[in-house]
Amino acid sequence: MKVANQSFRTIWPDSSCKFVHIIDQTQLPFAFKIVQVHSLEQMVKAIKTMQVRGAPLIGAAAAYGMALAMLENESDDYLLFAVKLLINSRPTAVNLAWAVNRMVLALQNAPINRRNFTAWREAAKIAQEDVLQNQRIGQHGLAIIKNQYQDKAFNILTHCNAGWLATVDYGTALAPVYAAHDAGLDIHVWVDETRPRNQGAALTAWELGKHGVPHTVITDNAGGHLMQQGLVDMLIVGADRVTSAGDVCNKIGTYLKALAAFDNNIPFYAAVPSPTIDWSIANYKDIDIEERHSDEVTAIQGLAADGSIQSVRLIPFESSAANHAFDVTPARLVTGIITEQAVFAPSELHHSNR
Ligand code: MRU
């Protein structure tokens, strides 16, 4: 996607395959900063601190983390060390483990002294596949929107950030939005702020603005009211993991939006590339839900009057806080799952496993 008329992806290797560039998402929307990642350790830190985030992007970042590891040491021992570090960096989004396992498969089939070369090639493939999958999700999503579109502003509500910043390019939930906007449809997006880290207010709003898509940031509690008022035509969210039964694990708060959508008879879609589907899990209770540091709840980050990015405390010093980062929307509340192949009812999702 474009920033100031220049095309960017969220992650790309240096031309000599010695390091990786990322967009530091902790600085957005106030600063657009490109950072170089030079080692496995730095990549693990970038994932943990959410300089890179979003399920498909942390998959690609982990793949490049493996490539950086192979630059450091091509041995079996170091390979296993890298796998452990990366897989434990963020547990919920299955794309990360999927990408690491795919890298392991490619590397185990390569001669040890070719592992470095193989790793960079495979990581680039994973990144490129994500871009193509998201483009296709955009086209399938566009068809659904066109189906319901009635020559007046079409309102889509989304939660968290599942746009191009959460992927290598185009986004998942926002790919249909960009496709519809680019096709000349009158699209408006309600952007849930998405406490505690505000990925909606900071990231979704920023990238929609850069693309010229009309949008309005709302508090996380406002969606139900807007739905009752007839101001939402469709919900589209991304996902960190979808079970084989079609349950959708996504950023905390998604479930409440799905309940309100169901009550108001508004379609609720999850847009996911196939690496986000975890065929090994049928029962959503088996998903490891990441609990992040309570600091993200007790404080909030924003732009201070002097232009610096600062964090301020929100709650009494005596109070404790909990930070469950994801929740699960049961399949019964999901209208459809938009993949790169097609749109599937949750009960039909198994047809996409080929
Ligand atoms: O904690 P984050 O910011 O990595 O969470 C991201 C989300 O929950 C996204 O909705 C999800 O990863 C889908 S991204 C295409």
Side-chain angles (χ1 to χ4, degrees), residues 1 9-11 22-26 28 46-62 89-99 127 130-131 133-138 141 157-178 189 191-207 220 235-242 248-258 268-278 287-293 296-297 301 323-329 337-340:
M1 302 293 277
R9 288 187 173 180
T10 52
I11 190 163
I22 58 168
I23 297 168
D24 182 354
Q25 301 195 21
T26 61
L28 287 170
I47 295 171
K48 281 189 173 169
T49 60
M50 294 174 64
Q51 285 181 301
V52 285
R53 36 121 337 256
L57 176 54
I58 58 178
S89 59
R90 289 198 75 192
T92 303
V94 70
N95 307 60
L96 194 154
W98 170 87
D130 181 59
V131 175
Q133 284 162 347
N134 297 333
Q135 275 179 325
R136 289 195 201 113
I137 286 173
L157 188 146
T158 193
H159 191 69
C160 195
N161 172 262
W164 73 271
L165 289 170
T167 64
V168 179
D169 208 348
Y170 295 106
T172 58
L174 294 191
V177 168
Y178 291 129
V189 183
V191 179
D192 277 354
E193 59 179 347
T194 320
R195 274 286 287 156
R197 287 188 69 103
N198 292 319
Q199 290 96 327
L203 305 177
T204 299
W206 180 82
E207 62 163 273
D220 287 330
L235 286 83
I236 313 182
V237 299
D240 291 85
R241 196 181 289 244
V242 171
V248 173
C249 178
N250 191 45
K251 181 55 56 191
I252 194 83
T254 304
Y255 172 44
L256 289 175
K257 292 300 138 68
F268 176 96
Y269 289 96
V272 301
S274 51
T276 304
I277 304 171
D278 186 349
I287 299 175
D288 185 2
I289 300 286
E290 176 180 353
E291 280 188 61
R292 295 186 60 83
H293 202 286
E296 293 179 353
V297 177
Q301 180 174 288
N323 191 4
H324 304 270
F326 300 95
D327 63 24
V328 181
T329 298
I337 297 173
I338 312 169
T339 78
E340 69 273 16

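Order of listing sets the numbers, starting from 1, for every ligand and every atom in it.
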State which residues pass ring-ring contact (aromatic ring centres under 6.0 Å, His included) with Tyr178; sequence neighbours excluded, sorted by chain then number. His211

Do any side-chain atoms of residues 196-206 form donor-acceptor pairs under 3.5 angstrom with protein atoms, and if so which ones, sequence neighbours left out?
unit_1, atom_1, unit_2, atom_2, d
Arg197, NH1, Glu296, OE2, 2.7
Thr204, OG1, Cys160, O, 2.7
Thr204, OG1, Asn161, ND2, 3.1

As a test of reading the model: which N/O atoms of the protein lie under 3.5 Å from N/O atoms of ligand 1, and at what distance?
unit_1, atom_1, unit_2, atom_2, d
ligand 1, 1 (O), Arg90, NH2, 2.8
ligand 1, 1 (O), Lys251, NZ, 2.7
ligand 1, 3 (O), Arg53, NE, 2.7
ligand 1, 3 (O), Arg53, NH2, 3.3
ligand 1, 3 (O), Gln199, NE2, 2.8
ligand 1, 4 (O), Gly54, N, 2.9
ligand 1, 4 (O), Arg90, NH1, 2.8
ligand 1, 8 (O), Asp240, OD1, 2.8
ligand 1, 8 (O), Asn250, OD1, 3.2
ligand 1, 8 (O), Lys251, N, 3.4
ligand 1, 10 (O), Asn250, OD1, 2.7
ligand 1, 12 (O), Ala55, N, 2.9
ligand 1, 12 (O), Asp240, OD1, 3.4
ligand 1, 12 (O), Asp240, OD2, 2.9

Thr167 and its side chain to side chain contact (heavy atoms under 4.5 Å, CB included) partner, picked from Thr172, Leu57, Asn95: Thr172

The side-chain contact (heavy atoms from CB on, under 4.5 Å) partners of Val94 (sequence neighbours excluded) come to Arg241, Asp278

Give a yes or no on whether a salt bridge exists between Glu290 and Arg292, defined as a side-chain N under 4.0 angstrom from a carboxylate O. yes

Do Asp24 and Thr26 meet the criterion of a side-chain donor-acceptor pair at a distance under 3.5 Å? yes

